[in-house]
Amino acid sequence: MNYIWEVVGRHPTGQQPTGAETIQKLCDRVASSTLLEDRRDAVRALKSLSKKYRMEVGTMAMDHLVRILQTDRADTEILGYALDTLYNIVCNDSEEENQQKQEEDLGVQFTDKFIQEPDNITLLLTLLEEFDFHVRWPGVKLLTALLKSQCAPVQGIILVSPMGVSRLMDLLADSREVIRNDGLLLLQQLTKGNTAIQKIVAFENAFERLLEIITEEGSSDGGIVVEDCLLLLLNLLKNNSSNQNFFKEGSYIQKMKPWFEVGDDNSGWSAQKVTNLHLMLQLVRVMVSPVNSPGATTSCQKAMFQCGLLQQLCTILMATGVPADILTETINTVSEVIRGSEVNQDYFASVNAPSNPPRPAIVVLLMSMVNERQPFVLRCAVLYCFQCFLYKNHKGQGEIVATLLPSTIDANSISAGQLLCGGLFSADSLSNWCAAVALAHALQDNLTQKEQLLRVQLATSLGKPPVSLLQQCTNILSQGDKLNRRGSRVQTKVGLLMLLCTWISNCPIAVMHFLHNQDNVPFLTGQISENLGEDERLVQGLCALLLGICIYYNDNSLENYTKEKLKQLIEKRIGKENFVEKLGFITKHELYSRAAQKPQPAFSTPEHMLFDHEFTKLVKELEGMITKAVLRSSEEEKKEEEVKKTLEQHDSIVTQYKELIREQDSQINELKEQVTLQSSQNEKLQNTITQQFSQIQQHKDQYNILKLKLGKDNQQTGNQAEAAHVNGLQPEELSQLREQLEELQRQNQLLQTQLTEKDSLITSLEVELLKAQLQSQTAEITQLQSERQELLRGSETTVSGEVKTLLESKELMEKELASATSTAAIMQAEKSKLQQEVQESKKEQDDLLMLLADQDQKILSLKQRLKDLGETIEDEDDLDSRDQFDDNDDEEEEEEECDE
């Protein structure tokens with residue numbers, strides 16, 4: 001205090017000023033002093049008074065302290081004093097309850113005052129960049145205190161501050177452990193309940209850095225720093241699918257495996273190690289929680305199996321000396337790692353306990369569940385593990401039920417089925433309930449196992465015949481009044497009724513077996529119609545549900561207990577409205593909604609253990625349907641059945657027509673391909689015909705030219721018969737003409753042959769195409785018409801769209817047929833035209849041959865006249881003329897044979 005009096009200018013002698021007066025003078029000194037040393041001394045004095053006079057310092061000095069942070073940035077010492085003073089004002093350190101509440105109110109008040117100016121938080125973030133220990137450490141503590149006092153507003157300011165979160169992440173890289181550790185606490189407060197900040201922190205490489213710190217500190221054997229890192233990881237991952245995916249994709253799940261390595265001697269675990277391992281198990285559960293999306297959970301379960309994490313957890317599960325709370329949490333963790341994962345469930349089924357002889361882990365766990373001396377939380381965890389093992393696991397359900405069947409029972413070993421039956425009929429009501437729920441999960445959504453379980457026979461006592469498991473359950477229900485305690489009686493009845501409801505639901509054979517016992521229905525109606533106490537109302541509701549299932553899933557195979565007779569019995573003995581009211585007791589129970597929230601059984605006391613999560617789903621599904629089935633009259637039921645049958649018929653008709661339409665679509669596609677192929681072939685034929693037509697035209701032109709030449713030659717021969725030089729040239733021209741004529745005839749014959757082949761090919765193709773199209777179209781049209789008539793008779797409204805589509809396809813096919821027919825007609829016309837042109841060409845050739853014959857006659861007559869006049873005629877010419885004439889005769893004969 002002497003130091004303070006020196007600062008304020010007074011001595012302790014005489015009348016001393018009050019604390020408020022002293023603080024006011026110190027604030028004036030901070031505001032008015034020009035020397036840095038004076039301001040520093042005044043701020044240091046305020047720091048020393050801030051804990052005792054928290055209200056006064058916070059009220060009078062806060063603005064001055066903020067101004068110091070703004071103006072005296074160069075002096076780290078005064079900054080440290082100012083930050084410490086602000087921390088003392090905002091922080092709540094009192095341990096007494098009343099005083100702590102008052103200080104919390106003060107902390108909230110001063111925090112609100114400080115964050116009224118968002119720039120103050122921005123200023124504080126800037127100061128955290130200062131490396132000096134006396135500035136950075138108090139700055140971290142002050143920001144942490146502000147977040148504790150007013151989390152959401154401070155988070156909002158930091159989120160919009162440029163590089164705000166990044167500056168805070170730099171604290172984890174500080175080499176000074178005090179600042180790093182307090183930085184962990186700061187980030188814990190910063191990431192609470194804010195998904196956006198959680199994502200930013202995760203993408204600032206927080207996972208990598210935190211896992212490094214955990215490893216450096218000794219993993220599960222580490223101290224409080226490991227705990228802080230795990231708490232921060234839980235904040236980042238819980239209910240944040242983006243960060244969970246980032247954690248999985250970054251292969252950080254594989255880095256968790258070394259955490260769970262335990263030795264042979266597990267005795268003497270420290271409290272900190274238990275806490276650390278408990279948080280590590282919670283971290284695994286966060287990644288595979290049932291509330292996560294199914295795809296994310298499945299991928300994490302797969303990664304945990306592949307990296308050996310599940311195997312490590314099972315090792316802890318079967319280890320000796322593990323503390324009870326760690327064992328319980330390990331069971332819960334293994335449960336969620338295997339839930340719904342076939343590979344993981346198969347592995348868990350193969351795990352054996354290290355006993356002599358070895359026993360399956362499932363059997364060992366069930367032994368703990370039905371043992372009333374085990375802790376309650378441990379028994380709940382084992383039940384949850386068994387439920388998760390059977391969740392969507394038809395193979396596992398079959399294996400459990402098989403241990404109850406007569407053909408598979410081994411007298412030398414204890415099986416899961418034997419333990420469940422033992423628990424079901426033991427004197428401990430909690431064991432009754434757990435065994436009933438476990439057995440119900442072995443039948444969940446599995447009709448085969450429900451029918452198989454009907455084969456189970458139990459030996460009740462010597463000299464009496466065996467009783468079916470179903471009958472023994474109903475016997476225990478009817479003898480429930482003989483149990484010792486009232487609460488136990490209710491718990492046992494609820495468990496057995498849940499088992500029976502799950503067993504016979506959606507299983508008409510089980511319903512028939514249940515109704516076959518003449519005592520069951522009177523027992524149920526008696527329970528429902530009685531006016532019982534508050535505790536028994538739930539039992540009445542479950543009895544109503546069981547009787548309703550017998551009505552809804554009744555196949556009327558038993559004459560005395562048909563649907564209609566059971567409804568008449570309800571109306572006569574209970575009353576339909578009263579029955580529905582009793583059925584509603586289930587969902588109105590206070591524990592029903594609690595059990596419906598999540599799959600894990602979470603009960604504060606054994607007495608609250610009444611409902612199973614999967615059973616609440618069944619009640620929600622069946623309640624409305626049973627109510628309608630009971631209240632509905634027989635006529636309405638018949639009408640509904642007729643409507644169902646009609647709808648089923650319509651559905652089958654629609655399904656058939658859909659298949660028919662698919663077949664016709666494929667046929668149409670095939671026909672389209674055939675049409676395309678025929679069109680391409682037609683184009684090729686058209687091109688060939690065009691080429692042949694052009695060749696014929698060329699030959700006609702050549703023929704006309706030759707004809708003109710022959711005419712000119714004949715005219716010159718008639719007018720100048722006496723000219724000897726003309727006679728000398730004529731044989732050469734004649735031989736040329738004959739050669740050209742022979743060539744023309746050969747070409748004509750070749751063209752005639754090609755034309756004949758093309759005509760036959762076109763004709764055959766046309767016939768095949770027309771036959772195929774006509775047959776397919778006729779069959780399809782006939783089939784479509786008959787189907788259309790049947791469809792119109794069955795349901796015009798349901799398939800009118802399909803009929804319209806089929807008619808459109810019919811019209812389209814008819815158009816294609818007409819197009820193909822017109823194409824064939826055009827090709828036939830072109831063929832006729834070509835044949836006519838060939839006939840004309842033949843006629844012209846005949847004319848040419850006649851002219852040549854006349855020409856030869858004239859030549860012979862001229863030669864004869866020359867001989868008569870005494871001119872010498874060479875024999876070679878005469879022979880040539882004869883040979884040529886003979887050749888012409890042979891050619892004419894061959895042409896006549898070809899024409900024939």
Visitor: Between L46 and H64, does the side-chain contact (heavy atoms from CB on, under 4.5 Å) criterion hold? Intermediate values first, please.
Guide: CA-CA 11 Å; L46 285 173; H64 300 292; 6.0 Å; no

Visitor: Checking side-chain contact (heavy atoms from CB on, under 4.5 Å) against F260, which of T333, T315, L281 comes through?
Guide: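 The option that passes is L281.
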
Visitor: Could you tell me which non-hydrogen atom of L317 sits nearest to which non-hydrogen atom of F348, and how far apart they are?
Guide: CD2-CE1, 3.9 Å

Visitor: Show the nearest heavy-atom pair for residues C307 and K257, with the distance to one decimal.
Guide: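 Heavy-atom minimum between the residues: O-CD, 3.2 Å.
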
Visitor: Salt-bridged, D41 to R44, with N to O below 4.0 Å?
Guide: yes

Visitor: Hey, is D75 close enough to R39 for a salt bridge, meaning N to O under 4.0 Å?
Guide: no

Visitor: Look at E217 together with R180 and state whether they make a salt bridge at an N to O cut-off of under 4.0 Å.
Guide: yes

Visitor: Atom CD of Q109 and atom CD1 of I89: how far apart are they, to the nearest 0.5 Å?
Guide: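 Reported value, rounded in 0.5 Å steps: 11.0 Å.
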
Visitor: L171 and G183: which non-hydrogen atoms are nearest, and at how many Å?
Guide: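 Closest approach of L171 to G183, heavy atoms only: CD1-CA, 4.1 Å.
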
Visitor: Examine R594 relative to F603 and say whether NZ or CZ is less than 6.0 Å from the centre of the six-membered ring and inside a 45° cone about the ring axis.
Guide: no

Visitor: Quiz question: by atom type and distance under 3.5 Å, do the side chains of E77 and Y81 form a donor-acceptor pair?
Guide: yes

Visitor: Is there a donor-acceptor contact under 3.5 Å linking the side chains of Q70 and D119?
Guide: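 No, because no side-chain N or O of Q70 sits under 3.5 Å from a partner of the opposite role on D119.
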
Visitor: Assess the side chains of N243 and Q198: does a donor N or O sit below 3.5 Å from an acceptor N or O?
Guide: no

Visitor: With a cut-off of 6.0 Å (strictly less than), are more than 12 heavy atoms of other residues, nucleotides or ligands near NZ of K148?
Guide: no

Visitor: Say you draw a straight line from CD of Q116 to CE of M62; how long is it, rounded to the nearest 0.5 Å?
Guide: 9.5 Å

Visitor: Could you state the interatomic distance from CG (N332) to CZ (R285), rounded to the nearest 0.5 Å?
Guide: 4.5 Å

Visitor: Between Q272 and N276, does any side-chain donor sit less than 3.5 Å from a side-chain acceptor?
Guide: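 Short answer, yes.
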
Visitor: Could you check whether K255 pairs with E208 (Lys NZ or Arg NE/NH1/NH2 to Asp/Glu carboxylate O, under 4.0 Å)?
Guide: yes

Visitor: May I ask you to decide if the ring planes of F246 and F203 are parallel, tilted or perpendicular, using 30° and 60° as cut-offs?
Guide: tilted

Visitor: Between K617 and E614, is there a side-chain N and carboxylate O pair less than 4.0 Å apart?
Guide: yes

Visitor: May I ask you to check whether E336 and S289 show a side-chain donor-acceptor distance below 3.5 Å?
Guide: no

Visitor: Distance check, rounded to the nearest 0.5 Å: N120 atom CG versus F114 atom CZ?
Guide: 4.5 Å

Visitor: Nearest 0.5 angstrom please: L237 CG to N245 CG, how far?
Guide: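 So the CG of L237 and the CG of N245 are separated by 11.0 Å.
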
Visitor: Ring-plane angle category for Y252 and F247, please: parallel below 30°, perpendicular beyond 60°, tilted otherwise.
Guide: tilted

Visitor: Do NZ/NE/NH1/NH2 and the carboxylate oxygens of E130 and R73 come within less than 4.0 Å?
Guide: no

